[in-house]
2 protein chains.
Amino acid sequence: MRERILDTALEVFNEHGYDKASLREIAERLGVTKAALYYHFERKEDILLQLHLRLHALGRQALDRLKDLDDPRDGLAAWPGLIDHLIDEITNNRDLFLLHQRNHNAFEQLQDTEHHRADHDDLEERMERLLTDPTIPLAQRVRMACSIGAVMGTLMRGSEIFGDVPATEVAELLRDAVHDLMGTAAARP
Amino acid sequence: MRERILDTALEVFNEHGYDKASLREIAERLGVTKAALYYHFERKEDILLQLHLRLHALGRQALDRLKDLDDPRDGLAAWPGLIDHLIDEITNNRDLFLLHQRNHNAFEQLQDTEHHRADHDDLEERMERLLTDPTIPLAQRVRMACSIGAVMGTLMRGSEIFGDVPATEVAELLRDAVHDLMGTAAARP
DNA sequence: GTCTATATTTCGATAGAC
DNA sequence: GTCTATCGAAATATAGAC
């Protein structure tokens, strides 16, 4: 039941935005009442938190692979694999990524109240640490940020723009584009 | 005074998100009361609408330039100029773009209630029309979407990641990156 | 144009029965 | 685990004086 609530909440949150989405509507879609939700989650915020953890789990393994490299600069070699992974994950979990992107403020305020800051080692912070790593040339870091933005920006609104094109075809073109984007970076100082 | 309200509202909206931002806080920062705001704007929604129009004005001229081309495929030649323009506009109006990106749902619900759909010819719709234009090869359209995502994604979180780097330097690297991204696209079928 | 009230609504959250 | 009923808070919005 917890999972059913989370699935439905994800739907409603994406339709109205987290703030304007009401627990009443979530409950109604599940055929129960508001109070029933409070048996499974203490606060509305906790529902969002669990969805955040879903998202976090998706990225953890990918970033762990990068982290285990001895030399952070080897990250460049691992980058294409990371991007491929990202493309797959966004394609398979677009709702989750959409929620995160379009409710940025809600997720930010989540971290303020978050009690378990110690263990959860936020996904975005790790990405930020990577993009600010001074041992990586600035030009490359900019291109890393570009590639992430390109993948996100293209796939997020994917269904509206490239909705009539097979997802695998878009993914392929996307990989090509990012390849060109990162490829020439190594040739520069 | 209207402009002062809009400026302050933009600040508060970006700090707490549109939904959680209260008119009380906006009024307090201006040293007036809530009721005073209602003399200048009929509803909270109208404040957001005016900020939307500010954003819309920024993009209109750029897209108009593209629109006036006889052959839509000439858009490819004009694309680098459009991207340069976009980079400048985001750099000079980051708060406005941030508001739009991080409160997507609020802006969506804005259009539902919007009375003046006729004239306002939404910026996003025009961009979407361009990216779905079937006379442009799919590979190029994907790269157009990529370049927009790259610019947005990099500059939006710019102050947090590349905050210690001069904006002009980031912009320069960004232009290079987008150039490589679009450059090789022409060489493909 | 700005103020002091106050009306109205909606939502998150709780208490206690079943 | 789910229900009915209700509380309390907060926000948008309005009425009318100055």
Side-chain angles (χ1 to χ4, degrees), chain A residues 1-53 99-100 102-116, chain B residues 1-53 99-100 102-116:
Chain A
M1 183 62 188
R2 255 181 86 94
E3 298 303 311
R4 284 184 62 213
I5 294 177
L6 288 175
D7 293 339
T8 306
L10 179 56
E11 281 180 24
V12 178
F13 287 171
N14 268 337
E15 283 177 31
H16 306 313
Y18 170 74
D19 291 294
K20 299 212 80 167
S22 67
L23 298 181
R24 181 190 52 76
E25 181 168 352
I26 297 174
E28 273 176 6
R29 285 199 200 182
L30 288 166
V32 297
T33 64
K34 226 176 19 170
L37 302 183
Y38 278 92
Y39 174 81
H40 299 278
F41 297 93
E42 286 192 0
R43 288 157 303 196
K44 180 185 181 184
E45 217 181 11
D46 289 335
I47 299 181
L48 188 65
L49 175 59
Q50 293 306 316
L51 290 174
H52 190 187
L53 293 183
L99 179 72
H100 184 263
R102 298 189 173 175
N103 295 275
H104 193 274
N105 289 287
F107 279 95
E108 241 177 12
Q109 289 171 358
L110 205 57
Q111 297 182 335
D112 296 344
T113 326
E114 243 164 329
H115 327 294
H116 52 296
Chain B
M1 182 63 187
R2 256 179 85 96
E3 298 302 310
R4 285 185 63 214
I5 294 177
L6 288 175
D7 292 339
T8 306
L10 179 55
E11 282 180 22
V12 178
F13 288 171
N14 268 338
E15 284 177 30
H16 306 313
Y18 171 75
D19 291 294
K20 299 213 79 167
S22 66
L23 298 180
R24 181 190 52 76
E25 182 169 352
I26 296 174
E28 274 176 5
R29 284 199 202 183
L30 288 167
V32 296
T33 65
K34 236 178 2 175
L37 302 183
Y38 278 92
Y39 173 82
H40 298 276
F41 298 93
E42 286 192 1
R43 287 158 303 193
K44 180 185 182 185
E45 218 181 13
D46 289 336
I47 299 181
L48 188 66
L49 174 59
Q50 292 306 316
L51 290 173
H52 190 188
L53 292 184
L99 180 71
H100 184 263
R102 297 189 173 175
N103 294 275
H104 193 275
N105 289 286
F107 279 94
E108 241 177 12
Q109 289 170 358
L110 205 57
Q111 297 181 336
D112 296 344
T113 325
E114 243 165 327
H115 327 293
H116 51 297

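Values in this document were obtained by computation on a predicted structure and should not be read as measured data. In what follows, chains carry the letters A, B, and so on, assigned in the order in which the sequence lines appear, proteins first and then strands, with residues in each chain numbered from 1.
Across all strands, B:A27 comes closer than 4.0 Å to no nucleic acid atom at all (heavy-atom distances).
Remark: A:R4 does not engage A:D7 in a salt bridge, criterion side-chain N to carboxylate O under 4.0 Å. Salt bridge annotation for A:K20-B:E108: absent, with no cationic side-chain nitrogen under 4.0 angstrom from a carboxylate oxygen.
Within the 4.0 Å cut-off from OP1 or OP2 of D:dT2, not a single side-chain nitrogen or oxygen of A:T33 is found. Residue A:Y38 places at least one side-chain N or O under 4.0 Å from the OP1 or OP2 atom of C:dA13.
Of all nucleotides listed (D:dT14, C:dG1, D:dT2), D:dT2 comes nearest to the side chain of A:A36. The side chain of B:S22 sits closest to D:dA11 out of D:dT2, D:dA11, C:dA15. Here the nucleotide nearest the side chain of A:K34, chosen from D:dT2, C:dT14, C:dA13, is C:dA13.
If you take CG of A:D19 and P of C:dT10, they are 17 Å apart, rounded to a whole angstrom. Between the CD atom of B:E42 and the P atom of D:dA13 there is a distance of 10 Å, given to the nearest Å. In this structure, the CD1 atom of A:I5 is 11 Å from the C1' atom of D:dT2, given to the nearest Å. Atom CZ in B:F13 sits roughly 12 Å away from atom C1' in D:dT12 (whole-Å rounding). The distance from atom CZ of A:R43 to atom P of D:dA9 is 18 Å, rounded to the nearest whole Å. The CD-C1' distance, from A:E28 to C:dC11, rounds to 13 Å in whole Å. What separates CG of A:L30 from P of D:dT2 is a distance of 9 Å, to the nearest Å. Across the protein-nucleic acid pair, A:E25 atom CD and C:dG12 atom C1' stand 15 Å apart, rounded to whole Å.
Across all their heavy atoms, B:L6 and B:Q50 have their closest contact at CD2-CB, 3.8 Å.
Along DNA chain C, the nucleotide nearest to A:R24 and the one nearest to B:Y39 differ in position, and the one closer to the 5' end is contacted by B:Y39.
Between the side chain of A:N103 and the main chain of A:Y18, a donor-acceptor pair closer than 3.5 Å is present.
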